[in-house]
Amino acid sequence: MEIRFYNSLTKQRELFESLRLGVVSMYSCGPTVYDLAHIGNFRTFLFGDLLRRFLELVGYRVDHVMNITDVGHMTDGEEDRMTQAASRMKENKKTGRVAEGAVANPDDPYQIAEYYTQAFLSDARKLGYKIAFEYPQRVPKATDHIDGMQEMIGELIKRGHAYVAEDGVVYYSVESFPEYGRLSGNTLENLQSGAGGRVSDENQSRKRHPADFMLWKPDQHHIMKWASPWGVGYPGWHIECSVMARKLLKRDVIDIHTGGEDLIFPHHECEIAQSCGVTGSRRFANFWLHARFLFVNGEKMSKSKGTFYTARDVFEGRVTGNPVHPAVLRYELTKAHYRTNLDFSEKGLMDSGMAVRRLIEKRQSLEQLTNGQSAEVDLTHPLLAQFAAALADDLNIAEALAIVNQFARTDHRDPHEALGVWKKINSVLAIAPITEGLLDESDSGGGQDDAMRQAEEWCRELDAARRDKNYSRADELRKLIQDTGFEVRTGKEGTTIQRALM
RNA sequence: GGCGUUGUGGCCGAAUGGCUAGGCAGCGGAUUGCAAAUCCGUCCAUGGCGGUUCGAUUCCGCCCGACGCCUCCA
């Protein structure tokens with residue numbers, strides 16, 4: 001099968017071929033853990049997940065790594081992000097947003113990082129993000145790789161790509177790397193002219209070139225600091241990815257690197273400079289795939305406008321007024337092509353809810369017809385071939401979903417085969433159920449069994465009331481069941497319920 | 001200013017040099033005590049102006065609009 005992806009590095013669709021037969025090495029830029037991840041973050045992460053699942057569908061083994069950035073990097077003129085997180089955490093504990101015992105000492109950045117790491121992993125697992133189930137093996141933390149960073153910085157100095165400035169800061173010399181700017185379409189001249197303003201002149205004058213970026217900063221007062229040949233301090237914010245990608249993927253050149261579009265410059269541009277500088281390879285990643293931003297109601301998410309939603313805001317009903325099943329959010333965040341600005345809205349979420357319900361019920365009806373016995377199918381099956389071909393075209397998810405929808409409304413001559421097809425499709429979409437093969441689905445409804453039993457009881461009462469033509473009682477009971485969070489259906493065999501998805 | 005993306009029906013969102021996915025919503029009907037779900041049917045589109053062509057939404061040119069990055073940011 002011919003797979004084509006839009007490669008940010010060459011700015012065109014290219015035929016994808018892995019460097020090694022049957023194996024794809026892939027690195028995704030992961031979350032920073034000084035706050036909860038928001039739905040925009042997850043849009044990007046789930047795009048990476050979709051990409052990985054597609055590659056697995058067509059037969060690759062995907063060696064996937066995603067980092068956790070737990071070093072709180074300095075922002076010019078402001079507090080360190082970990083310091084900011086600490087004061088936020090104290091505030092949240094006061095207001096009860098964060099449970100009292102959750103973080104014993106908010107002034108310990110490692111505790112803050114641990115708290116948000118676990119929060120991230122929990123949300124990510126609910127959303128079926130595969131790599132979150134591979135923590136910690138494939139999900140390294142930056143603070144565990146400080147030694148590796150120092151090694152790489154030392155190597156870069158040795159090779160003439162980095163230098164120690166008079167203030168003791170180690171900078172990467174962009175002029176030493178002719179390819180610098182290729183990914184972002186920048187030239188050193190452009191960068192130079194655009195560099196005025198924000199960055200203090202005093203700082204700039206110590207660099208050889210205004211675009212030179214920091215690799216190590218000696219700073220005794222930083223909240224997180226480590227000893228190094230260049231003094232006690234902390235690493236620059238690009239070096240961790242170069243180091244961890246190489247260490248965990250065990251390759252100088254990897255197949256795919258993913259991230260949000262905003263990371264193209266400077267983050268990924270700098271990663272390329274560092275990695276190629278140290279390995280001498282022409283490329284760091286063969287393919288760079290970037291997801292565009294998620295919008296909310298047509299605009300970039302904004303804290304001041306109250307459109308800054310975390311995943312758990314959605315799950316817990318703070319966005320729509322009702323709890324939303326993770327499968328619905330996953331569908332909503334992955335249903336649009338990754339290189340378009342997906343617009344998140346309540347209506348979109350509702351649409352996704354309907355779509356997900358239909359797909360879940362399709363799965364259930366196939367399970368019933370077959371007693372769960374599915375036939376083995378492979379990509380030669382015409383429907384799967386179409387599905388895979390759609391995704392092979394730069395992850396054309398909309399066309400793939402069109403195919404799935406057609407499938408969902410077909411009556412199948414061979415339900416065993418249909419279930420087999422469905423399982424393959426679901427291995428990519430991960431919707432019905434969302435964590436198939438990853439964890440026990442019943443976990444997601446934890447603690448609600450009593451509510452389920454109660455609702456079932458009401459169903460029998462409702463049936464009795466209908467038999468007696470006591471319709472006011474029947475309507476009352478239906479209302480009651482719905483308010484408990486279930487959808488009510490009246491069929492020939494009596495009343496049945498489904499847990500509401502949103 | 002530089003680099004890049006994008007403009008399809010009420011909404012989301014594909015595809016294509018001629019026969020124009022899919023979903024949601026709407027409308028009509030079947031079903032129903034009512035409702036939900038389901039099923040059947042149905043309305044609605046290619047930003048503007050030129051050009052190439054027998055024929056363009058698709059190719060070319062210009063114009064208009066939207067968006068991102070260039071600075072911490074998925």
Side-chain angles (χ1 to χ4, degrees), chain A residues 6 8 11 28-32 35 37-48 69 72-78 80-81 84 181-187 189-191 193-199 211 237 258-269 290-295 298-301 331-333 335-345 347-355 357-359 361 386 390 393 396-409 465-466 469-472 474-475 478-479 481-482 486-492 495-498:
Chain A
Y6 180 88
S8 303
K11 292 164 189 68
S28 296
C29 277
T32 50
D35 206 348
H38 59 250
I39 55 176
N41 298 130
F42 279 114
R43 191 267 168 114
T44 299
F45 297 144
L46 289 177
F47 141 69
T69 297
H73 297 286
M74 195 64 92
T75 59
D76 245 1
E78 291 172 50
D80 175 90
R81 297 206 180 271
Q84 293 175 353
R182 178 158 172 229
L183 178 69
S184 58
N186 277 126
T187 62
E189 292 73 54
N190 284 151
L191 288 168
S193 62
R198 300 285 181 104
V199 187
W237 67 287
T258 69
E261 58 173 332
D262 56 323
L263 294 184
I264 293 172
F265 189 89
H267 188 54
H268 289 164
E269 195 74 78
H290 292 99
R292 297 207 61 179
F293 274 135
L294 172 89
F295 279 33
E299 301 179 322
K300 207 170 165 178
M301 284 196 292
Y331 188 95
E332 172 71 9
L333 293 179
K335 72 181 180 185
H337 185 80
Y338 72 96
R339 284 190 295 114
T340 64
N341 285 327
L342 169 63
D343 192 27
F344 179 89
S345 66
K347 176 153 186 317
L349 203 57
M350 302 266 281
D351 287 356
S352 296
M354 299 287 282
R357 181 174 58 195
R358 189 169 44 242
L359 297 178
E361 288 182 1
Q386 282 180 57
D393 178 19
N396 188 341
I397 186 68
E399 195 184 341
L401 288 175
I403 292 158
V404 173
N405 273 312
Q406 280 174 37
F407 170 77
R409 44 174 57 231
R466 291 185 71 237
K469 298 207 183 336
N470 184 353
Y471 293 125
S472 59
D475 290 346
R478 182 162 48 215
K479 180 85 175 31
I481 301 168
Q482 283 169 339
F486 295 93
E487 292 181 23
V488 182
R489 305 267 171 82
T490 304
K492 284 198 181 82
T495 303
T496 57
I497 50 171
Q498 289 274 340

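Quick caveat: nothing in here was measured; it's all calculated off a predicted structure. Basis for what follows: all heavy atoms, side chains included, without hydrogens, waters or symmetry-related copies. All chains are named by letter (A, B, ...) in the order of the sequence lines, taking the proteins before the strands, and each is independently numbered beginning at 1.
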- Tightest non-hydrogen contact, residues A/Thr258 and A/His268, listed as O-CE1, 4.0 Å

- With rounding to whole Å, what would you report as the distance between B/G41 and B/G22 at their P atoms? 12 Å

- Item | Nearest to side-chain heavy atoms of A/Ala402, which nucleotide of B/A37, B/G22, B/C69 | B/G22

- Message: Would the base of B/G33 count as contacting A/Asp475 through its side chain, where contact means a donor and an acceptor less than 3.5 Å apart?
- Response: yes

- Could you give the CG-to-P distance, from A/Leu401 to B/G13, as a whole number of Å? 12 Å

- Query: Which nucleotide in the set B/C34, B/A14, B/C24 lies at the smallest distance from any side-chain heavy atom of A/Met354?
  - Reply: B/C24

- Whole-Å distance, A/Asp351 CG to B/G10 P, equals 16 Å

- Message: Are A/Val404 and A/Arg358 packed together at the side-chain level, in the sense that at least one heavy-atom pair is separated by less than 4.5 angstrom?
- Response: no

- Heavy-atom side-chain contact between A/Ser28 and A/Phe47 under 4.5 Å: no

- Query: Does a nitrogen or oxygen in the side chain of A/Arg358 sit under 4.0 Å from OP1 or OP2 of B/C24?
  - Reply: yes

- Item | A/Lys479 and A/Asp475 ion-paired at < 4.0 Å | no

- Query: Whole-Å distance between B/G68 P and A/Met301 CE?
  - Reply: 13 Å

- Message: With a 3.5 Å limit on both atom pairs, tell me what B/U16 is paired to, counting Watson-Crick and G-U wobble, or say none.
- Response: none

- Message: Quick check for you: among B/C3, B/A15, B/C72, whose closest atom lies nearest to any side-chain atom of A/Asp393?
- Response: B/A15

- Item | Span that lies between the C1' atom of B/U42 and that of B/G47, in whole angstrom | 28 Å

- Specify the closest pair of heavy atoms between A/His290 and A/Arg339, including all atoms of both residues, with the distance to one decimal. O-CG, 3.8 Å

- d(CZ, A/Phe295; C1', B/A66) in whole Å: 9 Å

- Item | Touch class at under 4.0 angstrom, heavy-atom based, for A/Gln406 against every strand present | sugar-phosphate

- Message: Taking atom types as they are modelled, would you say the side chain of A/Thr490 forms a donor-acceptor pair with the base of B/A35 within the 3.5 Å cutoff?
- Response: yes

- Note on the structure: Applying the 3.5 Å cut-off to both distances, the Watson-Crick or G-U partner of B/U57 turns out to be none

- Answer yes or no: does atom CE of A/Met350 have more than 12 heavy-atom neighbours from other residues, nucleotides or ligands under 6.0 Å? no

- Query: Which value, in whole Å, describes the distance between the C1' atoms of nucleotides B/A21 and B/U16?
  - Reply: 11 Å

- Message: What's the gap between B/C62 and B/G68 when it is taken at their C1' atoms, as a whole Å value?
- Response: 25 Å

- Item | Whole-Å P distance, B/C64 and B/G26 | 40 Å

- Task: Starting from P on B/U71, measure out to CD on A/Glu269 and report it in whole angstrom.
- Result: 12 Å

- Item | Heavy-atom check, side chain of A/Leu401 versus side chain of A/Tyr331, under 4.5 Å | yes

- Message: Tell me the interatomic distance from A/Leu342, atom CG, to B/A66, atom P, rounded to whole angstroms.
- Response: 21 Å

- For the side chain of A/Arg292, starting at C-beta, report the closest nucleotide among B/C69, B/G33, B/G4. B/G4

- Picking from B/C73, B/C11, B/C12, which would you name as closest to the side chain of A/Lys335? B/C12

- Would you classify A/Gly259 as touching base, sugar-phosphate or nothing, given that sugar-phosphate means primed atoms plus P, OP1 and OP2, and contacts are heavy atoms under 4.0 Å? sugar-phosphate

- Is any side-chain nitrogen or oxygen of A/Asn396 closer than 4.0 Å to OP1 or OP2 of B/A15? yes

- Message: Within the 4.0 Å heavy-atom criterion, would you say A/Ala390 contacts the bases, only the backbone, or no part of the nucleic acid?
- Response: nothing

- Is A/Ile397 touching bases, backbone alone, or none of the nucleic acid, heavy atoms closer than 4.0 Å? nothing

- Message: Is A/Tyr6 close enough to B/G4 that one of its side-chain N or O atoms is under 4.0 Å from OP1 or OP2 there?
- Response: no

- Item | Rounded C1' spacing from B/G51 to B/C12 in Å | 34 Å

- Message: I want to verify a distance call: between B/G23, B/A74, B/U6, whose nearest atom is closest to the A/Arg339 side chain?
- Response: B/U6

- If each of A/Ser472 and A/His337 is mapped to the nucleotide of RNA chain B with the nearest heavy atom, which maps nearer the 5' terminus, i.e. the 5' end? A/His337

- Is there a side-chain contact between A/Leu342 and A/Arg43, using heavy atoms and a 4.5 Å cut-off? yes

- Query: In whole angstrom, what separates A/Lys492's NZ from B/C39's C1'?
  - Reply: 12 Å

- Query: Between B/C70, B/C34, B/A74, which one does the side chain of A/Asn186 approach most closely?
  - Reply: B/C70

- Query: Among B/A37, B/C24, B/C72, which is the nearest nucleotide to the side chain of A/Lys347?
  - Reply: B/C24

- Query: Taking for each residue the nucleotide of RNA chain B with the nearest heavy atom, is it A/Ile264 or A/Ala400 whose nucleotide lies nearer the 5' end?
  - Reply: A/Ala400

- Query: Is there a Watson-Crick or G-U wobble partner for B/G41 with both distances under 3.5 Å, and which nucleotide is it?
  - Reply: B/C27

- Taking atom P of B/C69 as reference, at what distance in whole Å does atom CZ of A/Phe265 sit? 13 Å

- Message: What's the gap between B/G18 and B/G10 when it is taken at their C1' atoms, as a whole Å value?
- Response: 29 Å

- Side-chain heavy-atom pair A/Ile39, A/Glu332 within 4.5 angstrom cut-off: no

- If B/U32 has a Watson-Crick or G-U wobble mate with both distances under 3.5 Å, name it; if not, just say none. none

- Is there a donor and acceptor pair closer than 3.5 Å between the side chain of A/Arg478 and the base of B/A35? yes

- Item | Watson-Crick/G-U partner (both atom distances under 3.5 Å) of B/G68 | B/C3

- Message: Give me the distance, rounded to whole Å, that separates B/C40 from B/C63 when you measure between the P atoms they each carry.
- Response: 49 Å

- Query: Out of B/C69, B/A14, B/G33, which has the shortest distance to the side chain of A/Arg466?
  - Reply: B/G33

